[in-house]
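The structure appears below as structure tokens.
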Amino acid sequence: MAKDVLCEVSNCTFWDEGNHCSANAIYVVSHKGKQASKQEETDCKTFEPER
């Protein structure tokens, strides 16, 4: 499992100083079923906007 997850989306609840993600788990989905061939075909479902 990744030990250091980086994220540049600073308005996410899990964003931490230095572009680190502080979420306990990361959930990524594909728009093309279970396989994706490009970054654009995926999304991070872990994102939660700051409140």
Side-chain angles (χ1 to χ4, degrees):
M1 204 176 296
K3 294 181 182 180
D4 195 20
V5 178
L6 298 177
C7 178
E8 295 181 354
V9 185
S10 61
N11 68 320
C12 180
T13 300
F14 302 111
W15 185 86
D16 203 358
E17 196 171 320
N19 288 340
H20 291 277
C21 179
S22 64
N24 291 329
I26 306 297
Y27 179 37
V28 178
V29 297
S30 168
H31 303 289
K32 300 287 184 177
K34 294 205 178 238
Q35 294 187 358
S37 55
K38 300 182 229 170
Q39 283 180 323
E40 296 82 14
E41 297 175 353
T42 63
D43 281 321
C44 177
K45 289 290 200 177
T46 307
F47 172 77
E48 290 182 20
E50 287 182 327
R51 296 180 186 152

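These values consider heavy atoms only, across backbone and side chains, with no hydrogens, waters or symmetry-generated copies.
Applying the salt bridge (charged side-chain N to carboxylate O under 4.0 Å, His left out) test to pairs two or more places apart or on separate chains, none has a residue in residues 7-18.
Considering all non-hydrogen atoms of both residues, Thr42 and His31 come closest at N-CD2, 3.6 Å. When all heavy atoms of Ser30 and Lys32 are compared, the pair lying nearest together is OG-N, 3.0 Å.
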Using atom types as modelled, flag every donor-acceptor pair under 3.5 Å from a side chain in residues 18-26 to any protein atom, sequence neighbours excluded.
{"from": "Asn19", "atom 1": "OD1", "to": "Trp15", "atom 2": "NE1", "distance (Å)": "3.0"}
{"from": "His20", "atom 1": "ND1", "to": "Asp4", "atom 2": "OD1", "distance (Å)": "2.7"}
{"from": "Ser22", "atom 1": "OG", "to": "Phe14", "atom 2": "O", "distance (Å)": "2.9"}

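The same ILVMFWY cluster, assembled from side-chain heavy atoms under 4.5 Å apart, contains both Val28 and Val5.
With sequence neighbours excluded, the residues that form a salt bridge (Lys or Arg N to Asp or Glu O under 4.0 Å) with Glu48 are Arg51.
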